[in-house]
Amino acid sequence: MFASGWNQTVPTEEAGSMAALLLLPLLLLLLPLLLLKLHLWPQLRWLPADLAFAVRALRCKRALRARALAAAAADPEGPEGGCSLAWRLAELARQRPTHTFLIHGSLRFSYLEAERKSNRAARAFLRARGWDWGPGSDSGAGSAGEGDRAAPGAGDAAAGSGAALAGRDCAAPLAPGVTVALLLPAGPEFLWLWFGLAKAGLRTAFVPTALRRGPLLHCLRSCGARALVLAPEFLESLEPDLPALRTMGLHLWAAGPGTHPAGMSDLLAEMSTEGDGPVPGYLSSPQSMTDTCLYIFTSGTTGLPKAARISHLKILQCQGFYQLCGVRQEDVIYLALPLYHTSGSLLGIVGCLGIGATVVLKSKFSAGQFWEDCQQHRVTVFQYIGELCRYLVNQPPNKAEHGHKVRLAVGSGLRPDTWERFVRRFGPLQVLETYGLTEGNVATINYTGQRGAVGRASWLYKHIFPFSLIRYDVTTGEPIRDAQGHCVATSPGEPGLLVAPVSQQSPFLGYAGGPELAQGKLLKDVFRPGDVFFNTGDLLVCDDQGFLRFHDRTGDTFRWKGENVATTEVAEVLEALDFLQEVNVYGVTVPGHEGRAGMAALTLRPPHSLDLTQLYTHVSENLPPYARPRFLRLQESLATTETFKQQKVRMANEGFDPSTLSDPLYVLDQAVGAYLPLTPVRYSMLLAGDLRI
């Protein structure tokens, strides 16, 4: 018995000793980590999430690379040999022909129907290029061949030279690779025409629907548009612009029936006579993945909107957006953002194509209808900008907000206070905040759901999507450099300028027009001689846990209603009024609202008086709604710096409280449609949310 016990005890003790010896090196390795626990634990606790996202990102990159290689090897005569939009649509029409791609009101379209609709659009545009297949023909044979593929840079050469268009016959054939502008609301027609233009080897320019007069003509000239497709419902407001559009020699189409001006035809009617068979892939296949295929207008510090170049590579990368966010093929995505925005078109629509899901597309967001829509269509994913979430939490309680299927909200610009209220009221759901720029080469994703953060700065994420935060002097408007002339990385908790290295995989294409438009967007010799980084113009903060939080925008641009507002553009419009002598435009923080509202300090030109009626009419006609100043401040003279620059920061800090400012103040009352004196009563109504701005 004893011997038996001994024989059993010895191996047990030996096993224990061996285990201790094996554990000793591990304990020695862990000892430094334990000693530095307080310093390292904040970062280490998120390591599993960082690893999981890194694996997902690498899988996504591998899948997109495989798709691109398959397209390059495909038959150039077939649809899957075309650009990334063309072959992805053809692939989905083959793999998921009956699956619902688009829901718009009572209309539903499958992936096969989307493919056929866009083929009809492509054929209508090819006919405008001079192709002649005959009405309704599905034949790919015609007068054109592979030589009709746009030459590299052909469209780039045209962009920015709109003045040369004067005198052109508006019915002249469209050349390969030229730009066609779309001035349309979010709807199925927008998508069919965009996809059709891509398949026909033509570039598309998404024109913001609120633009008229000078800003509209500027946009069309800057991207070198040769044609414009507009919604019939916009014709009345565009009537004063039609003579200038004709002078530019634009081929004009209306996207629908109605009484059209002379020389304007119904493009949808032309589409209906075309066949819906595929078009040859070589028509849209790019010479290089960095070739421009699309223009999206973005406001910058230079004033008027700039036409950001969007490459075939960026379109391909955006196909992976929802995959990175954890959205699945069976999800239903709710999209109520303008399609002329990157968030609506590239992230929402192209991202949906990337996973083959279903999108519910709304022409206009309705906070009162939102949850009913989500219930009706069994929505699981919501694409937002911060303002939309604020509208929802400010709505009265609704039965439909309970029992919904929404599990994920993806977007940008959500303030922490609204974030908390949104999740507490409408949860359980996950909020996935992102950061990115239309023309940028860097994006961040808060895949952990940490409240208030826009992303992570872990070494794993930065290895896959490299970026840096560098010290920035807000006084000089320049990065701070060391004695060697290199930029200096920030410390945790310190605001820094977000920059990203420019490479073949992450290029910066700039804007249509002159190189001066991209001035300041590229920084050289950032960390070593010869390197080049993209300057986002945004200040972010990285905390001690590696979370990124948005801090502020550099320069004079501020953000309101999900749009960038350039103070110089607004000031130039106001200065056109003969009774104003000086104008200083800046953004002010309004409690309960995302971003900053526009405020204009004004001085009068003697002997004129302030005409609020004329001022309101002028800004309504010449500025899009989001850019119209919400507040006015009438002054005897404008404050300037020692170098005679306008004092924007000080003015913004002084705000618009009538109890602390002696200057006459006015507020834009949206309901009345006029600028009214900002009295203490109206100020209180504004703070209480009873005055809509």
Side-chain angles (χ1 to χ4, degrees), residues 128 158-172 174 178-187 189-190 193 197 203-268 295-299 303-307 338-341 363 512-513 563 565-566 569-570 572-577 614-628:
S161 59
L165 300 176
R168 272 193 58 204
D169 178 3
C170 67
L174 298 176
V178 302
T179 300
V180 177
L182 300 183
L183 185 61
L184 301 170
E189 293 78 14
F190 188 111
L193 295 176
L197 285 167
R203 296 180 179 182
T204 312
F206 295 162
V207 181
T209 55
L211 297 184
R212 299 293 186 271
R213 314 299 180 265
L216 170 63
L217 300 178
H218 162 81
C219 287
L220 296 174
R221 291 190 181 102
S222 67
C223 68
R226 262 45 174 186
L228 172 65
V229 185
L230 52 90
E233 58 264 35
F234 295 160
L235 275 173
E236 183 178 355
S237 62
L238 284 168
E239 188 173 354
D241 296 317
L242 291 179
L245 296 176
R246 291 193 178 97
T247 300
M248 291 173 63
L250 293 177
H251 192 137
L252 298 177
W253 277 295
T259 304
H260 303 144
M264 185 180 298
S265 57
D266 181 358
L267 181 56
L268 300 189
Y295 294 107
I296 295 181
F297 289 93
T298 176
S299 295
L304 289 167
K306 296 186 289 188
L339 292 182
Y340 57 78
H341 263 192
S363 296
E563 301 270 1
V565 181
E569 178 186 354
V570 179
E572 286 173 4
V573 169
L574 290 173
E575 287 167 353
L577 292 166
Q614 184 182 351
L615 193 151
Y616 175 80
T617 301
H618 181 71
V619 298
S620 298
E621 290 181 349
N622 293 278
L623 288 173
Y626 61 83
R628 297 166 191 167

Supply the atom-to-atom distance L216 CG to L230 CG, rounded to the nearest 0.5 angstrom.
9.5 Å

Closest heavy-atom pair, S237 versus R213, reported as atoms and distance to 0.1 Å, is O-NH1, 3.1 Å

If you compare all heavy atoms of L250 against all heavy atoms of A227, which two are closest, and at what distance to 0.1 Å?
CD2-N, 3.8 Å

Within the structure provided, determine whether T209 and P338 are in side-chain contact (heavy-atom separation under 4.5 Å).
no

Spacing of L228 atom CG and L238 atom CG [to the nearest 0.5 Å]:
7.5 Å

Donor-acceptor contact below 3.5 Å, side chain R628 vs main chain L623:
yes

Verify, without hydrogens or angle tests, whether H618 (side chain) and V573 (backbone) share a donor-acceptor contact under 3.5 angstrom.
yes

One pair to check against side-chain contact (heavy atoms from CB on, under 4.5 Å): T204 and V180. What are the steps and the verdict?
CA-CA 5 Å; T204 312; V180 177; 6.0 Å; no

With sequence neighbours left out, the residues meeting ring pair (Phe, Tyr, Trp, His ring centres under 6.0 Å) with F190 are F206

So, are D241 and R212 salt-bridged, with charged N and O less than 4.0 Å apart?
no

Any heavy-atom pair between the side chains of H251 and R226 that's under 4.5 Å?
no

Assess the residue pair L577 and Q614 against the criterion (side-chain contact (heavy atoms from CB on, under 4.5 Å)); give the C-alpha distance rounded to whole Å, side-chain angles, the decisive distance to 0.1 Å, and a yes or no.
CA-CA 9 Å; L577 292 166; Q614 184 182 351; 3.8 Å; yes

Taking only distance into account, with no hydrogens and no angle test, what donor-acceptor pairs under 3.5 Å do side-chain atoms of residues 258-265 form with protein atoms, sequence neighbours excluded?
{"residue": "H260", "atom": "NE2", "partner": "G256", "partner atom": "O", "Å": "3.0"}
{"residue": "S265", "atom": "OG", "partner": "W253", "partner atom": "NE1", "Å": "3.4"}
{"residue": "S265", "atom": "OG", "partner": "E270", "partner atom": "OE2", "Å": "2.8"}

Contact summary for L184 and A255, nearest pair of heavy atoms:
CD2-CB, 3.7 Å

Would you confirm whether S363, through its side chain, and A186, through its main-chain N or O, come within 3.5 Å as a donor-acceptor pair?
yes

Are L245 and L220 packed together at the side-chain level, in the sense that at least one heavy-atom pair is separated by less than 4.5 angstrom?
yes

Are L183 and V229 close enough that some pair of their side-chain heavy atoms sits under 4.5 Å apart?
no

Contact summary for A181 and V207, nearest pair of heavy atoms
CB-CG2, 3.8 Å

Minimal non-hydrogen separation, L211 against C219, with atom names:
CD1-SG, 3.5 Å

Quick one, S222 and K306 - any side-chain contact, counting heavy atoms below 4.5 Å?
no

Can you find a pair of side-chain heavy atoms, one from E621 and one from P240, that are under 4.5 Å apart?
no

Filter on ring-ring contact (aromatic ring centres under 6.0 Å, His included), then keep only pairs touching residues 212-245, sequence neighbours left out; what's left?
none

With a 4.5 Å limit on heavy-atom distance, are the side chains of I296 and Y340 in contact?
no

To the closest 0.5 Å, what do you measure between CG (L268) and CG (L193)?
6.5 Å

If I compare all heavy atoms of L339 with all of G187, which pair ends up nearest, and what's the gap?
CD1-N, 4.1 Å

